[in-house]
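Whatever order the structure lists them in is the order used to number ligands and atoms, beginning at 1.
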Amino acid sequence: MRLAKRMERLGTETAFSVLAKAKALEAQGREIIHLEIGEPDFPTPENIVEAGCRALRDGHTHYTPTAGIPELREAIAADVARSRGIPVRPEQVVVTPGGKPIMFFTILALVEEGDEVLLPSPAFPIYESMVNFAGGKPVFLPLRQEKGFRLDLDEFRAGLSDRTKLVILNSPANPTGGVLTSEDLSGLADILRERSDVFVLSDEIYSRLIYSGQFASITSEPDLGPDGHTIILDGFSKTYAMTGWRLGYGVMPEPLAAEVATLQVNSNSCTNAATQYAGLEALTGQQESVEQMLAEFRARRDLMVTGLNALPGVECATPQGAFYAFPRITDSGYNANELADLLLQEAGVACLSGTGFGHHGEGHLRFSYANSRQNICRALERMGEILSQTAER
Ligand code: PLP
């Protein structure tokens with residue numbers, strides 16, 4: 001088959017390939033503990049499910065406006081305005097099937113052949129994949145465990161060039177659980193203010209999953225809001241345990257929102273109608289479920305971090321947000337791919353090699369702790385057995 005050349009530049013997300021491998025082992029009768037996929041294991045809160053069902057019964061089974069139903073765009077604008085302390089108009093909001101299409105659409109709309117894009121490494125693999133697909137050149141900013149996986153401002157400044165078109169930020173971060181502080185963001189803003197030709201894609205999909213202090217967004221910095229050159233990516237998947245509903249959004253300069261809506265009309269037409277009504281209820285209804293999920297994630301994080309640090313050859317920093325632990329495993333005697341494979345095959349624990357998030361992820365594994373405390377304990381026990389055997393050899 002002769003495919004278009006551009007397909008060679010498209011990457012993937014290893015979480016889905018490891019999930020498939022783990023499912024194949026399960027089909028052979030093996031029992032696998034899933035710590036690979038990044039999705040809350042909680043059911044979607046009942047009020048949201050009911051709103052989705054009601055929407056279907058009320059006949060919301062047709063196309064909607066491309067950028068989303070007006071009520072939802074208004075509710076998102078109000079929510080983002082409140083949480084980031086900035087003015088937002090509904091016209092700046094584009095509702096999409098998950099947050100991911102905002103990456104796809106904004107990178108396609110902004111990045112030209114040869115343009116440079118600054119992105120953290122390790123990071124969500126779709127950034128690099130999409131930049132390459134669009135013909136851009138990724139420029140990596142290393143995130144290091146010693147620095148709490150936060151960006152280094154000198155490296156950031158040095159990474160900018162005349163060809164830089166876009167900067168991608170992600171806080172709280174996947175896969176590291178690192179969080180940029182307000183000081184980090186104000187330092188970044190000082191640098192970016194001098195470069196009004198550079199766009200910023202701020203992936204804030206984990207904005208509600210933060211364990212200490214307040215969430216801080218680059219858009220709260222003067223001149224860096226979505227009226228300037230910044231695009232916020234956020235959504236419902238992680239906050240409201242709605243991964244399968246496919247609902248996310250971008251908030252961006254109005255002229256860009258019109259272009260992104262055109263990309264959407266060329267691909268999905270619009271986001272599922274009933275899902276959008278469910279999202280409206282998620283934003284405007286009770287928020288206790290979010291608090292409860294966050295409290296449970298915090299307990300699991302502590303369990304996971306303590307357990308990982310007790311394993312031979314493993315050293316884990318405490319993640320400040322999201323639901324991932326990203327321990328260093330260099331002292332285990334294995335590289336990241338080898339250890340991830342060994343844990344799946346021998347211990348029945350599915351996790352991801354840090355290399356799936358870029359080459360700066362070597363020497364680390366990513367564990368999603370969106371699983372029950374009981375399963376986390378069982379996984380730690382099984383990993384302990386394998387790693388102690390190796391340490392004895
Ligand atoms: N951004 C980051 C950093 C993620 O980890 C994910 C999902 O794993 C997404 C965006 C996309 O989320 P969704 O498309 O499910 O809303």
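In the hydrophobic clustering, where aliphatic and aromatic side chains (Ile, Leu, Val, Met, Phe, Trp, Tyr) are joined below 4.5 Å either directly or transitively, Ile86 groups with Ile48, Val49, Ile69, Leu72, Ile76, Val80, Val88, Val93, Val95, Ile232, Phe236, Tyr240, Met242, Trp245, Leu247, Tyr249, Val251, Tyr277, Leu280, Leu283, Val290.
Under the 3.5 Å distance criterion, the side-chain polar atoms of Arg301 are matched with a main-chain donor or acceptor of Pro319.
Aromatic rings from Phe297 and Phe42 are positioned such that their centres are separated by under 6.0 Å.
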Contacts table for ligand 1: protein N or O within a distance under 3.5 Å of ligand N or O, distances only.
{"unit_1": "ligand 1", "atom_1": "1 (N)", "unit_2": "Asp203", "atom_2": "OD1", "d": "3.4"}
{"unit_1": "ligand 1", "atom_1": "1 (N)", "unit_2": "Asp203", "atom_2": "OD2", "d": "2.6"}
{"unit_1": "ligand 1", "atom_1": "5 (O)", "unit_2": "Asn174", "atom_2": "ND2", "d": "2.8"}
{"unit_1": "ligand 1", "atom_1": "5 (O)", "unit_2": "Tyr206", "atom_2": "OH", "d": "2.7"}
{"unit_1": "ligand 1", "atom_1": "8 (O)", "unit_2": "Lys238", "atom_2": "NZ", "d": "2.7"}
{"unit_1": "ligand 1", "atom_1": "14 (O)", "unit_2": "Gly99", "atom_2": "N", "d": "3.1"}
{"unit_1": "ligand 1", "atom_1": "14 (O)", "unit_2": "Lys100", "atom_2": "N", "d": "3.0"}
{"unit_1": "ligand 1", "atom_1": "14 (O)", "unit_2": "Arg246", "atom_2": "NH2", "d": "2.8"}
{"unit_1": "ligand 1", "atom_1": "15 (O)", "unit_2": "Ser237", "atom_2": "OG", "d": "2.9"}
{"unit_1": "ligand 1", "atom_1": "15 (O)", "unit_2": "Arg246", "atom_2": "NH1", "d": "2.9"}
{"unit_1": "ligand 1", "atom_1": "16 (O)", "unit_2": "Gly99", "atom_2": "N", "d": "2.7"}
{"unit_1": "ligand 1", "atom_1": "16 (O)", "unit_2": "Ser237", "atom_2": "OG", "d": "2.9"}

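Here ring-ring contact (aromatic ring centres under 6.0 Å, His included) pairs that include residues 159-206, with residues two or more places apart or in two chains, are Phe199-His229, Tyr206-Phe323, Tyr206-Tyr324.
Using a 4.0 Å cut-off between charged side-chain N and carboxylate O, Arg373 and Glu296 make a salt bridge.
Asp341 meets the salt bridge (Lys or Arg N to Asp or Glu O under 4.0 Å) test with Lys21; sequence neighbours excluded.
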